[in-house]
Amino acid sequence: MVVGVLVEISSQNLDKVFDYLVPKELENSIKIGIRVLVPFGKQKLEGFVLEIKDSSEVELKEIYSIVDYDVVLDEELLLLGKQIQKETLSTLISAYQVMLPKALKAKAGSVVKKKFHTFYRLQKNDYVATSSSQKKILEKFLDREEISREELTSISSASVSTLVSKGVLQVIQKEDYRMKYEASQDVKKVLTPSQQKVVDTVIHGSSLRPYLLFGVTGSGKTEVYMHIIEEVLKNHKTAILLVPEISLTPQMIEQFSSRFGNQIAALHSALSEGEKYDEWRRIARGEANIVIGARSAIFAPLKNIGIIIMDEEHSDSYKQGDKSPRYHARDIAIWRGRYHQAPVILGSATPSLESMARAQKGVYQLLMLKDRVNGKQLPVVEIIDMNQEARKSTTHLTPVLIKEMKNVIQKEEQVILFLNRRGFSTFVTCKNCAETIKCPNCDITLTYHKSNGMLRCHYCGYATVLPKVCPHCKEDALSDLGVGTEKIEEELHKILPSARVLRMDVDTTSRKGSHKKMIHAFRNHEYDILLGTQIVAKGLDFPDVTLVGVINADTSLNIPDFRSSENTYSLLCQVAGRSGRSTKSGKVLIQTFNPNHYAISFVKNHDYLGFYQEEMQVRRKLGYPPFYYLCFVKISGKDSKYLLSETSKIKRSLDRNLTHTTILGPTSLAIFKVNNIYRYGIILKYKKEDNLKEVLSKVIHHYKTNHRVRIDIDFNPSHFS
Ligand code: ADP
Ligand code: ZN
């Protein structure tokens with residue numbers, strides 16, 4: 001027997017299937033999609049078996065061993081990998097590796113161990129106990145088949161051993177998964193007529209076109225998802241629910257686990273490698289049939305999928321943009337939906353322009369939830385013009401906002417304060433010469449971490465102590481600009497000394513379980529104000545929050561990106577949606593220097609469609625998506641002169657070969673140098689260019705063995721960096 005094996009070779013750009021002989025004794029265990037260990041030059045590498053053949057003409061080496069006897073890549077995933085390779089121009093091996101948890105990738109760094117748990121089963125029913133502890137042990141088996149070791153040895157471990165040696169008890173090793181979900185007192189809600197209509201449409205409708213579920217914040221989308229999933233499970237099918245990492249709050253997981261118990265598996269970054277490995281295998285073995293997870297959960301090895309839901313479909317976290325394969329989970333969702341003939345739901349209160357445009361054209365089927373459940377009003381939004389207010393106040397909090405906070409706290413209701421950190425960093429600048437301190441390896445301003453007095457580069461990890469004087473002019477005039485949550489917390493303590501403030505950001509939630517604790521504490525009214533960054537903007541559902549304050553709406557508007565208006569609108573809408581979700585009505589105060597910008601003014605009336613129309617006009621005028629497709633070609637290398645000359649060659653070759661495409665650039669990227677690597681970008685704009693992939697493949701191929709130039713291709717990029 002001969003097998004074709006795909007291995008990952010980091011040092012070479014080889015993406016090829018190599019043939020190996022299978023030793024006789026392993027032949028019976030060989031299946032397509034398992035991992036094997038093979039010799040490769042002087043190395044031992046892991047790889048995936050992709051082909052099984054009878055023979056080969058050339059002389060071959062033998063595989064060493066089989067890594068795991070279970071298939072890690074089933075037929076569907078094998079096919080999907082080829083699709084990803086074709087669509088994103090990635091290597092096949094990277095397309096497969098991205099589907100698997102670290103522990104199951106070929107050539108895993110660390111081997112994650114399975115955990116086992118010992119149980120006993122009664123073998124002989126007619127054995128007569130010879131001691132009281134034996135009797136006690138045997139009595140346990142009157143109403144149960146299997147009993148754990150702990151429970152029995154707590155009676156007497158000597159008796160357990162005796163019973164085992166006499167063949168009365170049989171030892172069973174069961175794999176012990178690290179994650180457990182318990183169903184609890186969950187109140188299933190009676191759906192409103194409009195929620196019911198959505199559920200019925202999806203359950204009884206066709207799965208040919210994806211659904212775009214456009215539902216305002218608090219319209220009960222989550223409840224709709226749960227009802228649909230329940231229906232799907234009744235038909236013995238399975239479900240995937242994708243949510244952005246940031247919405248994968250303990251709240252969300254608790255909600256699903258209390259309704260569905262151990263049927264769910266959750267995949268997210270807070271899990272250890274071992275936990276991810278366990279969750280993955282529970283799914284593969286059919287022991288969990290609802291997968292909830294962030295982007296890569298779209299590759300969950302579920303069989304017989306009956307529904308795929310992508311919540312907050314506008315979120316850019318669904319696009320993997322920083323490494324190959326640069327895929328969008330939405331495309332994968334639609335592909336898998338088609339494979340299983342399962343409906344796909346894209347849900348959002350602020351759909352991406354691309355998706356709404358597709359819904360308008362009928363490519364997607366539009367479903368709407370226009371109102372909050374039980375007719376609750378959307379919160380009243382007031383815009384505070386900082387051009388007027390900033391002069392009056394000495395803090396980042398305007399008198400209007402402070403007054404409203406006092407008011408709410410007095411009524412024993414709660415406040416969420418949102419600090420928009422998107423495209424924002426706390427940096428140090430010199431008041432004398434106005435220079436900022438930059439990273440020596442990268443062309444980027446260092447971020448100041450107040451807690452330990454360090455300056456850190458968020459690109460390469462370079463860190464240094466904050467100098468006493470300015471490195472440029474030697475004056476003692478360095479000061480930190482910009483505002484972080486710590487600074488606002490300080491201000492709150494001065495202005496509202498009796499208010500209890502809970503600060504939630506990357507720093508305070510990094511410890512395992514701390515996020516969950518904080519959410520519980522806030523829900524239990526141990527705090528009055530929840531202050532945070534993006535982490536408080538999405539998905540949280542606290543009934544007593546009646547005021548949301550946005551401290552700086554503008555920072556995300558100032559990013560040089562054609563999506564900055566869209567991102568700002570959707571962020572503000574999401575955070576506004578945290579207010580007044582229960583019986584009490586809510587209010588939102590937005591502090592901004594751009595009160596008349598449409599990305600901000602349309603938030604006032606919760607007018608998504610108004611924003612959509614205005615933004616579509618801008619996109620049409622400038623020739624951006626959804627009117628045109630974009631493809632970003634990044635060219636990088638250490639030698640800036642050589643790189644520039646090669647970049648120009650690439651540009652000329654694209655010019656010659658792409659006739660229906662506008663070619664922008666090359667330009668140096670916003671951050672030209674990262675970790676001593678220089679970067680150029682070329683942007684391709686097109687409506688239809690049939691040989692685009694072929695032309696780009698040739699460029700990639702041309703540089704495959706040239707280590708001085710690296711080419712990265714990103715179709716439909718969400719960032720240009
Ligand atoms: P969305 O995800 O659309 O923002 P949620 O699903 O979080 O909204 O629902 C908002 C709130 O309304 C939640 O507290 C939820 O439990 C509640 N809710 C949802 N559907 C119903 C219903 N049919 N009846 C009563 N309450 C509901
Ligand atoms: Zn750096």
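- A salt bridge between D311 and K221 is absent, with no side-chain N of the basic residue lying under 4.0 Å from a carboxylate O of the acidic one.
- Partners of K361 according to the side-chain hydrogen bond (donor to acceptor under 3.5 Å, both in side chains) rule, which considers only residues two or more places apart in sequence or in another chain, do not exist here.
- Residues forming a salt bridge (charged side-chain N to carboxylate O under 4.0 Å, His left out) with E87 (at least two apart in sequence, or on another chain): K693.
- For Q360, the side-chain hydrogen bond (donor to acceptor under 3.5 Å, both in side chains) test picks out no residue, with sequence neighbours left out.
- With sequence neighbours left out, the side-chain hydrogen bond (donor to acceptor under 3.5 Å, both in side chains) criterion links E615 to Y598, R619.
- Contacts of R652 classified as side-chain contact (heavy atoms from CB on, under 4.5 Å), with partners at least two apart in sequence or in another chain: S648, K649, R656.
- Residues forming a salt bridge (charged side-chain N to carboxylate O under 4.0 Å, His left out) with R710 (at least two apart in sequence, or on another chain): D712.
- Legend: residues meeting salt bridge (charged side-chain N to carboxylate O under 4.0 Å, His left out) with R295, ordered by chain and number and at least two apart, are absent.
- The salt bridge (Lys or Arg N to Asp or Glu O under 4.0 Å) analysis of residues 599-609, with sequence neighbours excluded, yields no pairs.
- Listed by chain and residue number, T662, I683, K685 satisfy the side-chain contact (heavy atoms from CB on, under 4.5 Å) test with L664 (two or more places apart in sequence, or in another chain).
- E475 meets the side-chain contact (heavy atoms from CB on, under 4.5 Å) test with N432, C473, A477; sequence neighbours excluded.
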| request: Starting from the C-alpha separation in whole Å, work towards a yes-or-no answer on side-chain hydrogen bond (donor to acceptor under 3.5 Å, both in side chains) for S269 and E245. | output: CA-CA 8 Å; S269 66; E245 183 72 48; 2.9 Å; yes
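- For E354, the side-chain hydrogen bond (donor to acceptor under 3.5 Å, both in side chains) criterion is met by R563, not counting sequence neighbours.
- By the salt bridge (charged side-chain N to carboxylate O under 4.0 Å, His left out) test, K319 pairs with D714, sequence neighbours left out.
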